[in-house]
Q: 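Questions regarding the structure given below will be posed in turn.
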Amino acid sequence: MSLTCWGVDMAVPRLRVTMLLLLLPTVLVPGTVHAQAPSAPDRHIEGHWVRKDVGGAGNFGGLANQIPPAQLTPEAAAGRGGGPGRAGGPGRGGGQQPSTPNAAGVPYIVVERPCANPGRGNGALLINPDSGGIHIIEHKDEVILAGERGGVRHIYLDARPHPAPGSRVPVNAGHSLGRYEGDALIVDTIGLTPGGVAGGGLRTAETRLRERLEVSPDGKTMTITYTWEDPKIYQKPHTYSYVFDRLPSGSYAFEDWCDAGDPIEKQSIVPPPQKP
Amino acid sequence: MRGLKAGHMRSYRVAAIVLGAGIAALFSYVASAQTRETAGTPASRDLSGFWELSFDSRRVPDANLLSAVTRAVRAERAKRDAYAIRWCNLLGMPFVMDSGRPLDIRQGRTAVIIVPENASGPRYLYLDRSTHIGEEIFDPTAYGDSIAHWEGDTLVADTIGFHPDRGITTIPGGGHRSATSHLVERYRLLQGGQVLSVVFTWTDPKVFRTPHTYEFRYYRLPADYEPRTWLPCDPFDDGRGQFLEGPAPRAGAGGK
Amino acid sequence: MRCALAVLLAVCTVTLAAQRPAESAQRPDFSGYWELRLDSFRVPRAALTPQSTAAAESQAKKDAEALSRCALIGMPAVMDDRSALDVRHAPTVIGMVAKSPSSARYIYIDGRSHPAADELEPTTNGHSIGRWDGDTLVVDTVGFNDRGVTRIPGGGHRTPASHLVERYRLHEDGQRLSVVFTWEDPSVFQRPHSYEFRYYKVSEISEPRVINCVPNAERTRFLSGVPQ
Amino acid sequence: MFKVTRIVSCAIAMIVLTAAATHAQRPAAAIAPPLPGMSGMWLVQDPGSGSWAAWFNNVPKPAVRPEIARDNEETEKREAAGNVVNTMARRPDCPVGNLPMMMASSPPLNIVVARDEVLIAAESGRGRFIYTDGRQHPDTKAPSYVPSGFGHSIGRWEGDTLVVDTIGFPARVCDSRRPVMLVPGGGRAKDTSHLVERFRLADPETLSVTFTWEDPTVYVKPHTYGYTYKRIPEGLPIENNEQAPAPAANQTGAK
């Protein structure tokens, strides 16, 4: 059952590649709708994106270490228990770690509350995306960032203001306003739930996040530059970037199915019988 | 598990991306040079906005069901739906189109995204391809694979690839979504863009005797409406679980 | 008739004694904006009488016609509004306002009884009085008419003979409001029909607060016709 | 049309009848606690105007700008000539409600004074929402603000007096006879108007409300008048739920 569950998720990238291969003939056959002169690279941020391991770190720890450490104020550093750490976004609650190996056939329970989102909504993963794909739709009044692994961010372009400080309950996606500078989308976010920030940073509802989303001249990659500003937390603005690869036209968003009622969602490896 | 899962997925994904990028380079010229925004889209062909169903929004005739859809089948489906609600599952089609809260619909160049206000994910109607992903590739989902095109001022969305069990499968008027379901939706703005009509037509050789058509009319909310992004659905809320799974309500129970 | 009643009420102002607020101990205050969500419903299927089952189709058609004409929807549809219900709790009365076209609903908790049947003009919401059973407010309603949207969740419909008892109780530190509805009507139900809604408390209510429903031919076509 | 006539005639009858009741009651010294006391059903009292028009003008005359005075005269002439029927079609975007009219009319007011909000509505209708939770007015000039004839009201307690501040009335309403809402005495209520009301129990059975309107486009100086309402013990709101006739086939309502 566990394998079946994994199989569904792991099969997905393979299928996407297959899909690309199947799409290939449509551009090679003369006379198809795509047989036209090459046009300018697509500089729109609309599309499907997946975070790229730019430095070839090869694992999550390596990726995290590429983020320059945040320069915290002494008060903030004391509050988080010392120097810069590697805090990420809010987690989903891990299970207790056993002190002794489980017997054969007894699964390790690694998530007590799988699929649950009891806090303040989705969207945290889209502030600092993980390896799940993100999908962006651009409209003149609003840009939407949707995550394959849950969460939606609404970025308003219709000149509405942020809500007055303290008038809204902080949420994981915050409240975001956007505007374009050339082809780059500049996003201003406040009202985030308190938590960690990549590079050992912190955030509160008062912390301001500025993002710049810009597609490379060849249209193939997008860089999101994050700048966190909060004089109570940072000695200077905390800045770092993520790079994303554009998926080909015709790609589609995967469904991240998770059934909280299925006990299998709580567990990880089931130890097999061991040789004596 | 999440971390492990993500880690394994990532390695596959990176491989897919590398390969994908190579292939993409071959047909990068496919990308058309269009404007970034949808500003040039005629108002009658921009469905974007915040849309709400009201008390008078639904016109749903009874479906003409096959005899195979027995009372027992319907009861089983109702039980599954209750389970999906109980465990905060992804809602899926068609329930997401009537989930009780406004929808944020945004129309981009390549897709229309339909975002509900709850823990369920968004739905996409793809405008940038005219054929469905092949069934040998596409893993069935609660939303299916939706492609859409314009016929005059009507956006016609075509959806197949439904998962037979995930989420809430009951269809308004009777019947249920299955692996053989085919849905055609016709989106059209009415009354100067203040009303969005969506006519749904389901066909399914295993469920409906004749195509089942119903219509929802959504009312446009003010442009500065702010959707809730935090509506929680906590499957591990004990009180909620007891309410949804407890004994049937009875007189004098007081909701205990 | 209405005018006569109004005049009678006006005359009564000089003759009736002052009404004192009921003693209010530390009772829950149900004030707030209350919203139904997709997990708010526990609705078993009602055991209907044969005549009610037979009338279901014509009753549905009548409800659709009432909708198309923007009639006040009435009970129990006002309690099933998908926009948040505004509940305001005063010591002597609880007011409830839904967004959909409807009368404001008043639950009198000042100790009064239902008026005599011949003094009570039936309405879509009926006449509601409440009493406390511990921390549960028990609301008794009679005096319905058969106008508006009469459908009852789980099956059946409201008639002038219907009797409704509701039990209101707060849960989850006041963040949820449970209402157990029990309908009795010998012409409709074989036995009392109970179901429960759990409303979520929300801090805001969307504007505009009421829907300006205007009947017109297009609306009638939509609500009574077959989708194109 | 028939319904309107009936309601107006009913209103006149009620006002005349209740006039007799009024002078028997004088404010008592005792003041009921504001919260429980003000909730209930209240009937506006008229000292005997004899007609609706006379009643509506039976308040101190406001000092209005010349163009308003001229418009009042023209409106009177039109009504004298028989222009008393509203010929404008109802549309979904027509503002609902009419605060100055509702507060002056004979359909009794149901008032529910709760902790954070006060409801006021005539008979069984849905009416005003007065927020007493400390919130401020919204930006009523914002495009997204949908004005109703009740405006946007926020209230606060000053001792035993509820002080209500209202803005955000519609610039125009769907009435061919009076396209801008009238205020008793010959004033106007519109998008530039500001109303302050003071609700106070004179005695447990008597509610006094003082209205003060300000609008530099209408009044030369603030326009103040007051009404007295009497409690209707155990009053029952009447529901007006006549089934609307089927609309004519050529009336689409769609834009």
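Keep in mind the model is a prediction, meaning the values are calculated, not measured. Side chains included, hydrogens not; waters and symmetry mates left out as well; all remaining heavy atoms used. Chain identifiers are assigned alphabetically (A, B, ...) following the order of the sequence lines, protein sequences preceding nucleic acid strands; residue numbering begins at 1 within each chain.
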Q: For B:R101 and C:E35, run side chain to side chain contact (heavy atoms under 4.5 Å, CB included): C-alpha distance rounded to whole Å, both residues' side-chain angles, the deciding distance at 0.1 Å, then the answer.
A: CA-CA 10 Å; B:R101 294 287 308 163; C:E35 178 180 273; 2.9 Å; yes

Q: Tell me, yes or no, whether the heavy-atom count around C:E57 atom CD, taken from other residues, nucleotides or ligands under 6.0 Å, exceeds 12.
A: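 Counting other residues, nucleotides and ligands, CD of C:E57 stays at 12 neighbours or fewer.
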
Q: Need one label for C:I211: side chain, backbone, both or neither, based on atoms under 4.5 Å from any heavy atom in chain B.
A: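 The answer is the side chain of C:I211.
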
Q: Heavy-atom distance under 4.5 Å to chain B: side chain of C:P192, backbone, both or neither?
A: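 Contact with chain B: none, neither part.
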
Q: Can you check side chain to side chain contact (heavy atoms under 4.5 Å, CB included) on C:R198 and B:R240, steps first, answer last?
A: CA-CA 9 Å; C:R198 285 209 182 177; B:R240 180 181 175 280; over 6 Å; no

Q: So how far is it from B:S54 OG to C:D81 CG, rounded to the nearest 0.5 Å?
A: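 These two atoms lie 7.5 Å from each other.
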
Q: Give, as side chain, backbone, both or neither, the part of C:S83 having an atom under 4.5 angstrom from any heavy atom of chain B.
A: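 Just its side chain gets close to chain B.
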
Q: Non-hydrogen atoms of chain C under 4.5 Å away: do they reach the side chain of B:S57, the backbone, both or neither?
A: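 Looking at B:S57, just its backbone touches chain C.
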
Q: Name the region of C:Y200, side chain, backbone, both or neither, that has any atom closer than 4.5 Å to a heavy atom of chain B.
A: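 Contact with chain B is through the side chain of C:Y200 alone.
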
Q: Which of the residues B:Y225, B:F243, B:Y219 is involved in the greatest number of heavy-atom pairs with chain C at under 4.5 angstrom?
A: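 With the most close heavy-atom pairs to chain C, the winner is B:F243.
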
Q: Are any non-hydrogen side-chain atoms of B:I85 and C:F41 less than 4.5 angstrom apart?
A: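 Answer no - side chains too far apart.
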
Q: Give a yes or no on whether B:R209 atom CZ has more than 12 heavy-atom contacts from other residues, nucleotides or ligands under 6.0 Å away.
A: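 More than 12 within 6.0 Å, yes.
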
Q: Specify which of B:L91, B:D237, B:L221, B:L53 makes the most heavy-atom pairs with chain C at under 4.5 Å.
A: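 Answer, by heavy-atom pair count under 4.5 Å with chain C: B:D237.
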
Q: Any chance you could measure C:K99, atom NZ, to B:E52, atom CD, to the nearest 0.5 Å?
A: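 Interatomic distance, C:K99 NZ to B:E52 CD, rounded to 0.5 Å: 4.5 Å.
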
Q: Pick one of side chain, backbone, both or neither for B:R217, based on which atoms fall under 4.5 Å of a heavy atom in chain C.
A: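 It is both, since atoms from each part get that close.
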
Q: To the nearest 0.5 angstrom, please state how far the CD atom of B:E226 sits from the CD atom of C:E204.
A: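 The distance works out to 9.0 Å.
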
Q: Set out, in order, the CA-CA distance, both residues' side-chain angles and the distance that settles side chain to side chain contact (heavy atoms under 4.5 Å, CB included) for C:C213 and B:F55, then state yes or no.
A: CA-CA 11 Å; C:C213 186; B:F55 72 105; 4.2 Å; yes

Q: Could you check whether any side-chain N or O of C:R42 sits under 3.5 Å from a backbone N or O of B:P249, counting only pairs where one atom can act as donor and the other as acceptor?
A: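 Not confirmed, C:R42 side chain does not pair with B:P249 backbone.
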
